[in-house]
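Beneath this line is the structure, given in structure tokens, with notes to follow.
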Amino acid sequence: KPNLAVDVPRAGAKTITISIPQNGGTISQTFPAGNVYAAYSVLLGTDNNVHTQVMFTRSADGGATWSQPIKLSEGFSKNQGAVIGIDPATGTVYVAWRRFQSSSQPDAMLIAKSDDGGRTFTKGVEVATSSPFDQSTLEPVRFLGVDGPRWFLRGLISGPAATHEDQARPLEQVFAA
């Protein structure tokens, strides 16, 4: 699934105007636009050789136009689940994704960084490796969620805390704070 993120307007941000028909006239509003970022996976290959690539694109004009997509993932693994994070102080863009195990690469989480508003990125770096998910083994989990005025916090509790209230209590308190 694609992931979108919108940055605050920074120095040099373009100004955009939105016009909406209303009551027989038009109401317009002009304001500076922060960059809009999108990351997604593209399915490639054939039935016998399926692989995916994590792609990234950006818009500096409120989504009216988009840059040529750039490939963030490397190799012929399956890469998906891209998420975007923006450092609010600097505007540095981070894209993280999962790479599934292949014959030459382990199952891992990778992250790439851009210091120029998403124009270029570092090579994806492994930040964690894991054992492949065994779909024949089921483990209990609990989902938690809290609605705020303009946000939603969600979490997943697994392991002993998923089934034992005394072990879940400290985690639940984080959501109650």
Side-chain angles (χ1 to χ4, degrees), residues 1-16 31-135 141 143-146 148 150-159 171 174-175:
K1 69 181 180 185
N3 186 258
L4 289 172
V6 181
D7 197 5
V8 298
R10 299 194 182 270
K14 291 185 178 181
T15 302
I16 63 172
F31 52 90
N35 286 340
V36 181
Y37 303 115
Y40 56 95
S41 294
V42 175
L43 181 66
L44 303 168
T46 63
D47 289 343
N48 297 328
N49 185 25
V50 175
H51 61 281
T52 55
Q53 295 176 340
V54 172
M55 305 296 289
F56 180 88
T57 185
R58 64 188 286 275
S59 174
D61 58 10
T65 62
W66 291 87
S67 66
Q68 183 69 29
I70 57 176
K71 181 177 71 144
L72 299 183
S73 58
E74 296 183 8
F76 291 96
S77 297
K78 294 177 184 148
N79 298 276
Q80 63 186 39
V83 294
I84 303 168
I86 304 167
D87 183 321
T90 65
T92 299
V93 180
Y94 298 91
V95 179
W97 68 93
R98 179 179 180 194
R99 178 186 66 210
F100 288 84
Q101 179 179 349
S102 68
S103 60
S104 62
Q105 296 176 312
D107 201 30
M109 294 299 298
L110 290 94
I111 191 165
K113 174 183 171 183
S114 173
D115 288 319
D116 61 5
R119 290 178 189 86
T120 62
F121 278 84
T122 62
K123 181 179 176 179
V125 176
E126 280 185 19
V127 293
T129 58
S130 63
S131 299
F133 176 64
D134 180 0
Q135 294 183 1
V141 296
F143 291 92
L144 300 176
V146 179
R150 293 185 182 164
W151 51 268
F152 179 76
L153 176 65
R154 60 185 167 183
L156 175 80
I157 297 177
S158 61
L171 298 169
V174 171
F175 281 80

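From a predicted model like this one, the values you see are computed outputs, not experimental measurements.
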For the residue pair [X] and [Y], what are the closest heavy atoms and their distance?
X: Val93; Y: Ile84; value: CG1-CG2, 4.0 Å
X: Asp107; Y: Arg98; value: OD2-NH2, 2.8 Å
X: Ala39; Y: Ala82; value: CB-CB, 3.8 Å
X: Ala13; Y: Pro32; value: CB-CB, 4.5 Å
X: Ile70; Y: Gly118; value: CD1-O, 4.2 Å

Point to revise | Under the ring pair (Phe, Tyr, Trp, His ring centres under 6.0 Å) test, residues paired with Phe100 that sit two or more places apart | key: none

Study note, to complete from the structure: Residues passing the ring pair (Phe, Tyr, Trp, His ring centres under 6.0 Å) test with Phe56, sequence neighbours excluded, are Tyr37, Phe121

What residues form a side chain to side chain donor-acceptor pair (under 3.5 Å) with [X], not counting sequence neighbours?
X: Asp7; result: Arg10
X: Thr57; result: Ser67
X: Ser114; result: Asp116

Check your understanding: Out of curiosity, Thr122 OG1 to Ile111 CD1, how far, rounded to the nearest 0.5 Å?
Key -> 8.5 Å

Taking side-chain contact (heavy atoms from CB on, under 4.5 Å) as the test, write out the residues that go with [X], two or more places apart.
X: Thr90; answer: Asp87, Thr92
X: Lys71; answer: Gln53, Met55, Ser73
X: Leu110; answer: Trp97, Arg99, Ala108, Glu126
X: Val6; answer: Val36

Check your understanding: Between Pro69 and Tyr40, is any pair of side-chain heavy atoms under 4.5 Å apart?
Key -> yes

Point to revise | Heavy-atom check, side chain of Glu74 versus side chain of Asn79, under 4.5 Å | key: no

Exercise for review: Indicate yes or no for a side-chain donor-acceptor contact from Ser59 to the backbone of Thr65 under 3.5 Å, with no hydrogens or angles considered.
Suggested key: yes

Review point. Does Arg58 reach the main-chain N or O of Asn35 with its side chain, forming a donor-acceptor pair under 3.5 Å?
Key: no

